[in-house]
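A short write-up of the structure that comes next.
Numbers restart at 1 for each chain; the letters A, B, ... are given by sequence-line order, proteins then strands.
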Amino acid sequence: MFDLLLDPTLRIVALGSAALGIVSGGLGAFAVLRKQSLLGDAISHAALPGIALAFMLTGSKHPLVLVLGAAAAGWIGTLIVMAITRSTYLKEDTALGLVLSVFFGAGLVLLTFIQHRPDAAQAGLDRYLFGQAATQLARDVAIVAGLGIAAYAITFLFWKEFKLLSFDREFGASVGISMRFVDVVLTTVLVIAVVVGLQTVGVVLMAAMIVAPAAAARQWTNRLGTMVALSAGFGALAGVAGSVLSATGANLPTGPMIVLCLTAIALLSLLLAPARGLVWSFVRHKRSQRVLRVEATLLDLYAMARQHADPGHAHASGALRALGGGGAAATWRARCAGSRGVVSRVSRRVTAGR
Amino acid sequence: MIPPAELPAGSQAAIEVNDLTVAYRDRPVLWDIDVVVPPGVLMAIVGPNGAGKTTLIKAVLGLVRPAAGDVTIFGAPYEEQRRLVGYVPQRGSVDWDFPTTVLDVVMMGRYGALGWFRRPGRAEREAAMQALEHVGMPELSGRQISQLSGGQQQRVFLARALVQDAAIYLMDEPFQGVDARTEHAIVALLQELRGQGKTVVVVHHDLQSVPEYFDWVMLLNVRRIALGPVSEVFTEENLRLTYGGKLPFLTGV
């Protein structure tokens with residue numbers, strides 16, 4: 001294990017994956033809050049032809065060139081989604097599905113074309129499909145970090161505007177902040193958050209890096225700032241954990257391992273987060289159900305007490321069972337009420353009151 | 001056919017809408033509307049579902065692009081006067097599960113005045129707290145907004161409009177989904193605003209309460225049916241024109 005941590009290759013991979021997790025996780029929070037989770041998927045798939053075209057036009061495989069191509073294509077894909085939604089009767093999910101598959105198909109055609117060219121048979125661009133974290137170089141990590149810092153700087157600058165756009169777009173427009181412009185800026189940030197991960201995680205799985213950390217983070221907090229920070233933290237954690245796990249195991253692929261780690265984090269958050277977790281809401285539900293039943297039993301006791309001049313009159317537990325229709329449960333509930341000191345037992349009978 | 005409501009000579013309209021037509025695709029939602037709202041009135045816009053009430057408000061705010069017509073606020077286009085206008089959208093238009101607090105939402109009313117990039121600070125916080133006290137919920141300032149009741153959500157939106165410190169308020173169904181007590185509190189607030197000389201325009205659904213709450217009324221059903229003081233234009237005849245045969249009860253009008 002310690003040998004692994006000292007391994008320089010793994011250090012680069014883990015560092016790169018952590019940086020990627022911080023960028024895509026934190027910024028993905030806005031996509032989730034705007035109910036545009038699928039936009040991340042559309043952007044990443046739309047990026048594929050951009051990567052291929054960038055290579056065909058420049059002949060370079062420098063990651064910065066390819067990332068810029070990916071960003072341009074992802075951006076154009078998003079614009080097309082917006083245009084379709086605005087000018088046709090199609091809903092956003094349909095537009096996303098269309099753009100995603102058309103761009104992805106075009107990307108696959110271009111990739112195959114490139115691979116069949118004699119001069120570039122070993123282009124290796126197909127690693128952008130499923131990602132290949134293990135081949136990361138320090139240069140690649142620097143690109144992720146550089147673009148990430150730029151995207152976070154924009155987010156910091158536009159924090160109030162992003163919040164307004166995400167929460168109440170029309171009110172924002174009414175007070176004179178151009179929501180269309182803010183939308184363009186936020187989309188650009190999201191495009192950056194997606195394309196930085198394509199080399200590591202790949203086109204197909206990148207959406208998980210955008211959606212899962214934010215979905216997990218939302219479970220733990222009710223503050224936007226905390227949510228973005230937590231989301232970035234979860235992304236980083238999964239990045240490191242996934243890299244280490246893939247290095248320990250028998251050649252497990254890094255990208256999918258990162259995504260699986262994220263899934264685990266999201267699953268645990270959905271189940272265990274205190275206020276919104278499923279487990280706790282189940283416990284709360286059961287508890288309130290019990291309180292309500294005990295109160296129903298107390299009402300039964302009250303009804304019986306009213307039939308006697310003496311409010312302290314003791315009633316047979318059998319009568320209580322018949323009223324509550326619950327067999328032994330009624331006596332048990334009377335005992336629950338007893339533990340609150342409002343019901344006492346007189347030999348085998350129960351009485352309400354002091 | 002119906003003469004536009006005239007202002008007394010020498011006074012300027014708070015809101016003036018001329019020949020406004022708005023269409024969604026081919027279907028006209030508002031047709032050739034003229035509106036003159038004098039300053040200092042508390043006006044209801046009533047009409048059946050789909051009459052274009054919300055669209056009219058959004059057109060005044062520049063949120064929907066009209067096919068024809070123009071809007072002026074105190075004689076100038078909305079873009080130049082937006083500081084004078086406060087907006088209360090429909091409560092259901094936002095996601096109340098958004099991770100933010102009551103105070104944070106109320107401070108959004110200052111964002112327009114703050115302008116690009118400047119963060120809300122102490123002054124904005126104080127204004128927001130004042131507005132929350134005004135709507136009777138200062139103790140909830142730190143509350144996550146998903147934990148509010150319908151009436152509280154509505155009052156948060158009202159507080160957000162109050163910190164806009166506007167001269168004209170446009171409100172889209174501020175009574176929707178609130179209990180009777182909150183409704184009376186909101187009406188008192190609206191009448192207080194009018195008392196300060198502000199103009200308040202409210203999309204309203206309950207015809208019964210129009211004469212009690214409002215002094216002006218606009219009856220709208222794609223076209224403008226009538227506009228003027230409640231005592232003059234809120235008549236059975238006009239209501240029949242607005243709602244067609246579908247008006248179930250008209251007692252007390």
Side-chain angles (χ1 to χ4, degrees), chain A residues 26 29-37 86-90 153-182 185 214-231 269 273-276 281, chain B residues 24-25 54 57-64 78-91 93-105 107-121 124 142-147 156-157 160-161 163-164 166 169-170 172:
Chain A
F30 286 102
V32 169
L33 288 176
R34 295 187 65 200
K35 301 177 179 61
Q36 288 188 329
S37 299
R86 202 175 317 136
S87 56
T88 72
Y89 288 91
L90 297 177
I154 296 173
T155 305
F156 183 77
L157 200 60
F158 282 87
W159 185 258
K160 153 176 132 265
E161 286 78 11
F162 282 1
K163 190 194 285 183
L164 197 54
L165 175 72
S166 307
F167 177 65
D168 196 347
R169 185 188 180 115
E170 291 208 315
F171 182 78
S174 84
V175 301
I177 295 176
S178 168
M179 285 293 124
R180 194 168 284 193
F181 176 65
V182 178
V185 176
R218 180 67 188 92
Q219 289 291 103
W220 300 92
T221 178
N222 282 325
R223 300 290 164 102
L224 181 59
T226 319
M227 179 179 165
V228 171
L230 257 183
S231 190
S269 304
R276 302 166 72 98
S281 65
Chain B
Y24 284 141
R25 311 212 197 270
T54 296
I57 282 197
K58 287 188 177 173
V60 171
L61 291 164
L63 298 177
V64 297
Y78 179 73
E79 292 72 39
E80 294 165 24
Q81 304 279 51
R82 55 172 104 241
R83 288 294 146 67
L84 301 176
V85 182
Y87 174 39
V88 178
Q90 276 185 28
R91 184 163 60 86
S93 65
V94 303
D95 173 16
W96 289 93
D97 195 38
F98 195 84
T100 189
T101 61
V102 166
L103 190 71
D104 222 29
V105 172
M107 281 197 292
M108 287 180 188
R110 298 304 303 162
Y111 282 13
L114 278 171
W116 291 99
F117 309 133
R118 280 180 54 208
R119 300 284 180 96
E124 284 70 33
R143 182 78 67 92
Q144 145 72 11
I145 56 171
S146 67
Q147 292 160 6
V156 168
F157 266 7
R160 181 175 71 173
V163 301
Q164 290 188 276
Y169 286 98
L170 301 174
D172 203 344

Between [X] and chain A, with a heavy-atom cut-off of 4.5 Å, which part of the residue counts as in contact: side chain, backbone, both or neither?
X	result
B:D104	side chain
B:E79	neither
B:V105	side chain
B:L170	neither
B:Q90	neither

For [X], is it the side chain, the backbone, both or neither that has a heavy atom under 4.5 Å from a heavy atom of chain B?
X	answer
A:S166	both
A:R169	neither
A:R34	neither
A:F162	neither

Most contacts with chain A, counted as non-hydrogen pairs under 4.5 angstrom, among B:R160, B:M107, B:R119:
B:R160

At their closest point, which heavy atom of [X] faces which heavy atom of [Y], and how far apart are they?
X	Y	answer
B:R118	A:K160	O-NZ, 2.9 Å
A:E161	B:W116	OE2-CA, 3.5 Å
A:S174	B:R82	O-NH1, 3.6 Å
B:P89	A:D168	CG-OD2, 3.7 Å

To the nearest 0.5 Å, tell me how far A:L33 CG sits from B:D97 CG.
9.0 Å

Distance (rounded to the nearest 0.5 Å) between B:Q144 CD and A:T221 OG1:
8.5 Å

Report the relative orientation of the aromatic rings in A:F167 and B:F98; use parallel for angles under 30°, tilted for 30 to 60°, perpendicular for over 60°.
tilted

Can you establish whether the number of heavy atoms outside A:R180 located under 6.0 Å from its atom CZ is more than 12?
no

Highest number of heavy-atom pairs under 4.5 Å with chain B among A:K35, A:E170, A:M227 belongs to A:E170

Check whether any side-chain N or O of B:Y87 sits under 3.5 Å from a backbone N or O of A:V175 as a donor-acceptor pair, and report yes or no.
no

